[in-house]
Every structure is written in C-alpha cells, then in structure tokens.
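Because the structure is predicted, anything quoted here is derived from the model rather than measured.
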Amino acid sequence: MRKTATRLRLAGALAAALMLGGIATGPTAQADERHGKEPTLADLAQRHGRYFGSATDNPELGDAPYTALLGSEFDQITPGNGMKWYATEPQQGVFDFSQGDEIVNLARANRQKVRGHTLVWHSQLPEWLTGREWTAPELRAVLKKHIQTEVRHYRGKVFAWDVVNEAFNEDGTYRESVFYKTLGPGYIADALRWAHQADPRVRLYLNDYNIEGIGPKSDAYYKLAKELKAKGVPLHGIGLQAHLALQYGYPSTLEDNLRRFSRLGLDTALTEVDIRMQLPATEEKLAQQAEWYRDLTEACLAVRRCVGITLWDYTDKYSWIPAFFPGEGAALPWDEQLAPKPAYFALREALGGK
C-alpha cells in the first residue's frame, strides 16, 4: 500500500519537475537555499542528528555548477580517490597529500566534515608495494608507517577513517590481499591500533560492500567486530557501502543488520550509496530506485547509531558505474545535467521534507 502511494507521489514529483523544465540547480538555486527558501538534504538530516554527504574527486572540482551544489546540499564529503595509498605514498616513504588536502580545504570552506577513505585496501596500491615480495616484519613496518603518517597528517581534519576496506570475500572468508597473505588476519587489529595511536579522537571504521543485508559476509564482520571489541581494539563503526543494483533485489534485512552492530556498541554509516539499473532508465525503474533510496534512508533513521548517509558522488555525470558495469548506470539522485530525479524527492520525503 505504502509502495503504491510512494510511486504515485514520485510520479507526480517527476511530472512537476518536467513541467517546470527541471528544478533549478547551480549558484542561483544554491543562493536561494542559503537564504532559507528550502532546506537541503543536509539540513533535513541534521534534524535527525545525522549527516548527509557525497563523495567527490579532484578532477571534477573545476566544474563550477557541480561544486556549487556539492557545497550547499551536503554537510559531509568523502574523497573518492585522493586519500588512497597510490595517491598518498606513490614512492616508498615519499608522501603526497595534495589531492586529499584540496578536498579537505574545499570542505572547510563549505563548513563540511570529511570522512577519510581509505588507509588499507587491496586495490589501488602503488607498484612499489605490489611488485615485490615482503617479509612479515618488512610489511608490518611499511603498513604502520603509511597508516600513522597519513592519519597524523589529517588529525583534526577528518572525523572518521575507513581504516580497512573490503577485507572479506562474499562467503565470509578473508580476502587474499597482500596484507592478509603476509601478515595474517591480525593486520586488521594492528591497523586499527596504529590509527588510534596517531589520532585518538578520530572514529575508526571497517568498510565493505554487499554487507547491507544479513548473510555470510556481514556475519563475518559481525563476528570480527565482536572479537575486536572483546579484545579492546579501537573499532568504532562499520561502514556499509550500499552499492545496490535493482536487478539483484533490495537488502530487506538492512535495518536488522544495522541494529545488531549497534548492539555491539558500534556506529554504522551508509558510506558509498548508489543504486544502479540496467539501461535505458525508464520511469518505472526510476520509481523503484527512488523507493529504494527512501527505504535505506528510513532504515538508517530507524537505528539511532546509524550516523549518516553518503552518496558515492551525487550525480550521474561523475558516477563510476558505467565504466565498471557496462550497460548499467543512472545510479544517483541527480542526472548528468545536475537535475534532480525521483530519487532526490524520495530522499527529501524520507528525511521529513517536502
């Protein structure tokens, strides 16, 4: 019943947007919002004690209409690539924080907070790290130096870190990364401890995809988190990426999953949200996508320790999806012209706006 009503509301919103030639975006619209004409997604989320953010990446920061909307609609930013290992330590012991700094400075100018992403990941590693064999003592020293140098650099500038990203396979076994193969599963606890030493105030997360619903992969994180908490390892939250696809079904146990991590004393966050579809996009698919955006937002709002939601960039113009999933896309609440889609209105409604 609610789903049918939601579809009707979204269809009406879409029709209104089309009749008006789309909702205004860009600097003029943002100036209107700053003068209090309409609350932003961030404004609405703040009423619930949450943040509402977007990822961004350095190449798109020269797009003035894009950065205007990024700076006004959201209160949190995640650098898509600029804080990853290949960017921050391109040569062993030689650090370059210029890309991450650019995004931190943008966020500061817009009074937004920054989520650090990511310290330890099997992908986007520099060739000097992946192109040779390491002994365990050697790699431990490299890993510790990288984590602590980066965390110290951004101390006081980021509110949370995705410390270890994508540590498990779909069946709940450990991913065979260079870190796991060389150091064993203890590298995760070590990474958290080293990050905490470098910045005792920052919130430390484990982050992964396909852990939105209860299943083997999210069970592995639940078991690991329980063990780490029992040992006093500084883990503060679990990041659920929420890269969803219409053809694979909605994770109906999302709210229950968020609650069980909450019962462990952990925060949760939806950290990389997009909802892709097989192209072409149709009115029906856009309505279903909007319903999913609404449902996942309501699930986060229903669990006190779900602290916020971050879109994996907010516009289809800069989505990673088409390059990685040929024939799929239209995954975000704004289209390639920065016009809002039905998903945007569903998010507003879920957050209590109009």
_Pair His236 + Trp161: ring centers closer than 6.0 Å_ = no

Tell me if the centroids of the rings in Tyr51 and Phe74 come within less than 6.0 Å of each other.
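Not close enough - the centres of the two rings lie 6.0 Å or further apart.
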
Treating [X] as the side-chain partner and [Y] as the backbone partner, does any N or O pair qualify as donor plus acceptor under 3.5 Å?
{"X": "Tyr221", "Y": "Ala167", "result": "yes"}
{"X": "Lys285", "Y": "Gln278", "result": "yes"}
{"X": "Glu138", "Y": "Thr135", "result": "yes"}
{"X": "Gln289", "Y": "Arg276", "result": "no"}
{"X": "Ser218", "Y": "Gly213", "result": "yes"}
{"X": "Thr182", "Y": "Phe179", "result": "no"}
{"X": "Gln112", "Y": "Gly53", "result": "no"}
{"X": "Thr149", "Y": "Lys145", "result": "yes"}

Residue pairs passing the ring pair (Phe, Tyr, Trp, His ring centres under 6.0 Å) test with at least one member in residues 271-309, sequence neighbours excluded, are Tyr250-Trp292

Please check if the number of heavy atoms outside [X] that lie under 6.0 Å from its [atom1] is greater than 12.
{"X": "Glu176", "atom1": "CD", "value": "yes"}
{"X": "Arg132", "atom1": "CZ", "value": "yes"}
{"X": "Lys229", "atom1": "NZ", "value": "yes"}
{"X": "Arg304", "atom1": "CZ", "value": "no"}
{"X": "Glu133", "atom1": "CD", "value": "no"}

Joining Ile, Leu, Val, Met, Phe, Trp and Tyr whenever any side-chain heavy atoms lie under 4.5 Å apart, the cluster holding Trp121 also takes in none

Members sharing Tyr209's hydrophobic cluster, built from side-chain contacts under 4.5 Å between Ile, Leu, Val, Met, Phe, Trp and Tyr, are none

Co-membership, hydrophobic cluster, residues [X] and [Y], 4.5 Å side-chain:
{"X": "Val307", "Y": "Phe52", "value": "no"}
{"X": "Met83", "Y": "Leu311", "value": "yes"}
{"X": "Leu70", "Y": "Leu347", "value": "yes"}
{"X": "Leu332", "Y": "Ile321", "value": "no"}

- Item | Worked check of side chain to side chain contact (heavy atoms under 4.5 Å, CB included) between Asp313 and Trp320 | CA-CA 9 Å; Asp313 223 321; Trp320 69 293; over 6 Å; no

| field | Option passing ring pair (Phe, Tyr, Trp, His ring centres under 6.0 Å) with Trp334 (candidates Tyr344, Tyr66, Tyr318) | value |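 Testing each of Tyr344, Tyr66, Tyr318 against Trp334, the sole residue satisfying ring pair (Phe, Tyr, Trp, His ring centres under 6.0 Å) is Tyr344.
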
May I ask you to decide whether [X] forms a salt bridge with [Y], counting only side-chain N to carboxylate O separations under 4.0 Å?
{"X": "Asp162", "Y": "Lys84", "value": "no"}
{"X": "Arg259", "Y": "Glu255", "value": "yes"}
{"X": "Asp190", "Y": "Arg140", "value": "yes"}
{"X": "Asp335", "Y": "Lys317", "value": "no"}

Q.
Below 30° counts as parallel, above 60° as perpendicular, anything between as tilted: where do the rings of Trp128 and Trp85 land?
A. perpendicular

Closest heavy-atom contact between [X] and [Y]?
{"X": "Leu44", "Y": "Gly352", "result": "CD2-C, 4.4 Å"}
{"X": "Glu73", "Y": "Leu41", "result": "OE2-N, 2.7 Å"}
{"X": "His48", "Y": "Leu351", "result": "NE2-O, 2.9 Å"}
{"X": "Leu125", "Y": "Tyr86", "result": "C-CB, 4.2 Å"}
{"X": "Val151", "Y": "Ala195", "result": "CG1-O, 3.6 Å"}
{"X": "Leu183", "Y": "Ala136", "result": "CD2-O, 3.4 Å"}

Reported [atom1]-to-[atom2] distance for the pair [X] and [Y], which is rounded to 0.5 angstrom:
{"X": "Phe261", "Y": "Leu206", "atom1": "CZ", "atom2": "CG", "result": "9.0 Å"}
{"X": "Thr282", "Y": "Gln288", "atom1": "OG1", "atom2": "CD", "result": "9.0 Å"}
{"X": "Glu89", "Y": "Gln91", "atom1": "CD", "atom2": "CD", "result": "9.5 Å"}

Suppose we screen for side-chain hydrogen bond (donor to acceptor under 3.5 Å, both in side chains). Which residues come up paired with [X], at least two apart in sequence or across chains?
{"X": "Thr310", "answer": "Gln76"}
{"X": "Arg50", "answer": "none"}
{"X": "Asp75", "answer": "Gln46"}

Within 45° of the ring axis of [Y] and under 6.0 Å from its six-membered ring centre, is that where the NZ or CZ of [X] lies?
{"X": "Arg294", "Y": "Phe345", "value": "no"}
{"X": "Lys217", "Y": "Phe168", "value": "no"}
{"X": "Arg175", "Y": "Tyr180", "value": "no"}

Checklist entry - Are Gln99 and Asn81 close enough, and set up right, to give a side-chain hydrogen bond (donor to acceptor under 3.5 Å, both in side chains), and what steps lead you there? => result CA-CA 8 Å; Gln99 292 183 53; Asn81 290 294; over 6 Å; no

Under 3.5 Å, is there a donor on one side chain and an acceptor on the other for [X] and [Y]?
{"X": "Asn257", "Y": "Thr253", "value": "no"}
{"X": "Glu212", "Y": "Gln241", "value": "no"}
{"X": "Ser98", "Y": "Asp101", "value": "no"}
{"X": "Asp316", "Y": "Gln337", "value": "no"}

- Task: Using the ring-ring contact (aromatic ring centres under 6.0 Å, His included) rule, take Trp312 and His117 through it: C-alpha gap first, then chi angles, then the decisive distance, then the call.
- Result: CA-CA 12 Å; Trp312 204 240; His117 177 81; 5.3 Å; yes

Evaluate side chain to side chain contact (heavy atoms under 4.5 Å, CB included) for Ile188 paired with Val163, printing each intermediate quantity in order. CA-CA 8 Å; Ile188 297 174; Val163 178; over 6 Å; no

I'd like to check Leu240 versus Asp208 (side-chain heavy atoms, cut-off strictly below 4.5 Å). Are they in contact?
no

Practice task
Show your working on side-chain hydrogen bond (donor to acceptor under 3.5 Å, both in side chains) between Asp199 and Tyr154 and close with a plain yes or no.
Solution key: CA-CA 9 Å; Asp199 184 354; Tyr154 289 111; over 6 Å; no

